[in-house]
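The block underneath contains the structure these notes are about, expressed in structure tokens.
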Amino acid sequence: MPHVDVLIVGAGLSGIGAAHHLQTKSPDRTYAILEGRSDIGGTWDLFRYPGVRSDSDMHTLGYEFKPWRAEKSIADGTSIMAYLRETVAENGIDRHIHFDHLVRRAEWSGETATWTVEATVTTTGETVTWTCNFISMCSGYYSYRHGHTPEFAGRERFGGTIVHPQDWPEDLEYAGKRVVVIGSGATAVTLVPAMAAAAAHVTMLQRSPTYMSAGPDVDVIANALRAVLPERAAYAITRRKNIALHQFLYRRMRAHPERATRFLLKRVRRALGPDHDVDTHFTPTYAPWDQRLCLVPNGDLFEAVRTGSASVVTDHVDCFTDNGISLTSGDHLDADIIVTATGLDLVTLGEVDFVVDGEPVDFARTWAYKGFAYSDVPNLASTFGYVNASWTLRADLIAHYVCRLLNHMDATGTTICTPRLRPSDATMTPRPLLDHLTSGYVRRAAERFPMQGDREPWINPQDYAKDKKMFRTAPVDDGVMCFTTARRQDPPEPALVTSSTARQPDR
Ligand SMILES: Cc1cc2nc3c(=O)[nH]c(=O)nc-3n(C[C@H](O)[C@H](O)[C@H](O)COP(=O)(O)OP(=O)(O)OC[C@H]3O[C@@H](n4cnc5c(N)ncnc54)[C@H](O)[C@@H]3O)c2cc1C
């Protein structure tokens, strides 16, 4: 049975970042990455729809340790994949990745302080078992099996093609076709202008509007700095600038929602011109950042709407018909292709079944410790990034903190770290883990997610400045994270890692 000190689950942005942290900050630890798919990249490999791109700048969505060199700071999926490929190759991380290993179950033994992890090799159906001391779940936040698709009456009657952005057919021909995109989130906002360039017409059908903000896809300051400074210095300055700027804007918008609404809508009106009904189609009923603000790079969506190659309809689907969608208002949208950009299905910890000393873990009944570990679950970290800033900023902090935990255990001769409620924490009022976000995909999953409390370290502030203090400077031995040793003092000897799918032997 292969054994490693740390098993990382997932080779997306977070898993690759976690591996780099281990190599540099906890270099004596052995590790492996089990990845359920056949390639790295996670989100950026899975989503292949036209125009797929980041909506955060790559100076903060990229890693602190690897400068983003491309001219565009809002990057397409292919450029992000190239960046990730370069990262794993440059740092020898590729040698540690075991592809097509879908982790299903992890069972903890306090006797030996080990996890026994079962994975299905997706190419053969075979089950393989690994052991490790610590699991770092970098499995993202949504189901890779399917996207979220509501029931649409009459779906089977529709004579055209129905597509979900999570499962985009490589050969989908949409040139000259009438397309309806159902949804108003980041995916719809990306897809509509991208498809409008070739389609006969694209309609964005939304139940309710989303806040949108146009911005350039290049960062002129970043590119100017790169021209005069060494690459790393330029990147570090741009990264700090962008973190500070986004934090400032986010806080201002949350503190002054009316002013923020006026500001955002004024810009939309200016971008669309006088002939468009901004009140109906671009004015949400919630405050800015109650749901994620959508970036419109170079105003591409506004341009498509202004020139008539795309339009926005705010209405409800009554049913699908032979040739389109009938709306509750009585109107009908003709379509050859319907794209259900209706969102993601959120899951907890890669849909893995966790068992601790014989007891199945129900994460909905656990308290999230600093938003990355769970009460009474030992030697487990999971990465959930920011929903109001670049994901990687938080993934980076967590990966660093995991190394701090491991190094602390080394220094103190302990092998187990478990967050446990203090007696005074028993009275905590539970709050949803992502309580500041009202988006449908978050509400749908809220009751399956762990709770957060009302005091440190049981909170998930989703605030980079606060997190930085919690993860970088607060002591790891805080009286809540309990450090102990295995009940039995003869943990198994590490065996050589062998796997037919490993590219090369692990270190
Ligand atoms: C279309 C889209 C655009 C986005 N754009 C942005 C953006 O601009 N800015 C931003 O901050 N965030 C964005 N996000 C959020 C985005 O998911 C993160 O930025 C980031 O890519 C997440 O990286 P990750 O490695 O944590 O998770 P993922 O990218 O989801 O990768 C998880 C990996 O874990 C693997 N895995 C999962 N479960 C298992 C298992 N049980 N066993 C083995 N392997 C498993 C998956 O196969 C996958 O490779 C976007 C999300 C989507 C869907």
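Bear in mind the structure is a predicted one, so any value in this text is a computation, not a measurement. Order of listing sets the numbers, starting from 1, for every ligand and every atom in it.
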Could you give the side-chain donor-acceptor pairs of residues 185-199 under 3.5 Å, partners two or more places apart or in another chain?
unit_1 : atom_1 : unit_2 : atom_2 : d
Thr190 : OG1    : Arg53  : NH2    : 3.1
Thr190 : OG1    : Ala186 : O      : 2.8

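- Checked against a 3.5 angstrom limit, the closest N/O atoms of Thr392 and ligand 1 fall outside it.
- Note on ring orientation: taking the six-membered ring where Trp is involved, the planes of Trp391 and Phe384 are tilted (angle from 30° to 60°).
- The shortest contact between atom 6 (C) of ligand 1 and any protein heavy atom is with Asp55 OD1, 3.7 Å.
- For ligand 1, one of its N or O atoms has an N or O atom of Gly36 under 3.5 Å away.
- Using modelled atom types, one finds a donor on one side chain and an acceptor on the other under 3.5 Å when comparing Ser390 with Thr60.
- For atom 19 (O) of ligand 1, the closest heavy atom belonging to the protein is Trp391 CB, 3.2 Å.
- Scanning all protein heavy atoms for the shortest distance to atom 14 (N) of ligand 1 gives Tyr141 OH, 4.2 Å.
- Between Ala11 and ligand 1, not a single N/O pair is under 3.5 Å apart.
- With respect to the salt-bridge test (charged N to carboxylate O, under 4.0 angstrom), the residues Asp463 and Arg394 do not qualify.
- Each of the atoms 8 (O) of ligand 1 lies under 4.0 Å from some heavy atom of Ser54.
- Using a 30° and 60° split on the angle between ring planes, Tyr83 and Tyr63 fall in the parallel class, below 30°.
- Residue Trp115 is tested with Phe134, Trp108, Trp130 for a ring pair (Phe, Tyr, Trp, His ring centres under 6.0 Å); the sole match is Trp108.
- Of the listed options Tyr144, Trp44, Tyr386, Tyr142, Tyr144 places a heavy atom closest to atom 28 (P) of ligand 1.
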Next on the checklist: Using ring pair (Phe, Tyr, Trp, His ring centres under 6.0 Å), reason through Tyr144 and Tyr142 one step at a time and then give a plain yes or no.
Outcome noted: CA-CA 6 Å; Tyr144 272 73; Tyr142 58 84; 4.9 Å; yes
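- A distance of 6.0 Å or more separates the ring centres of His400 and Phe471.
- From the protein, the heavy atom lying nearest to atom 46 (C) of ligand 1 is Glu35 OE2, 3.5 Å.
- Protein heavy atom nearest atom 52 (C) of ligand 1, with residue, atom name and distance: Thr43 CG2, 3.4 Å.
- Among the atoms of Tyr49, none of the N or O lies under 3.5 angstrom from an N or O of ligand 1.
- Considering backbone and side-chain N/O of Ser390, none are found under 3.5 Å from N/O of ligand 1.
- In this structure, a donor-acceptor pair under 3.5 Å is absent between the side chains of Gln291 and Tyr211.
- At least one N or O atom of Val103 sits closer than 3.5 Å to an N or O atom of ligand 1.
- In terms of polar-atom proximity, defined here as any N/O pair under 3.5 Å, Leu13 does make such a contact with ligand 1.
- The residue Ala119 has no part lying near ligand 1, judged by heavy-atom distances below 4.0 Å.
- At the top of the distance list for atom 25 (O) of ligand 1, counting protein heavy atoms only, stands Ser14 N, 2.9 Å.
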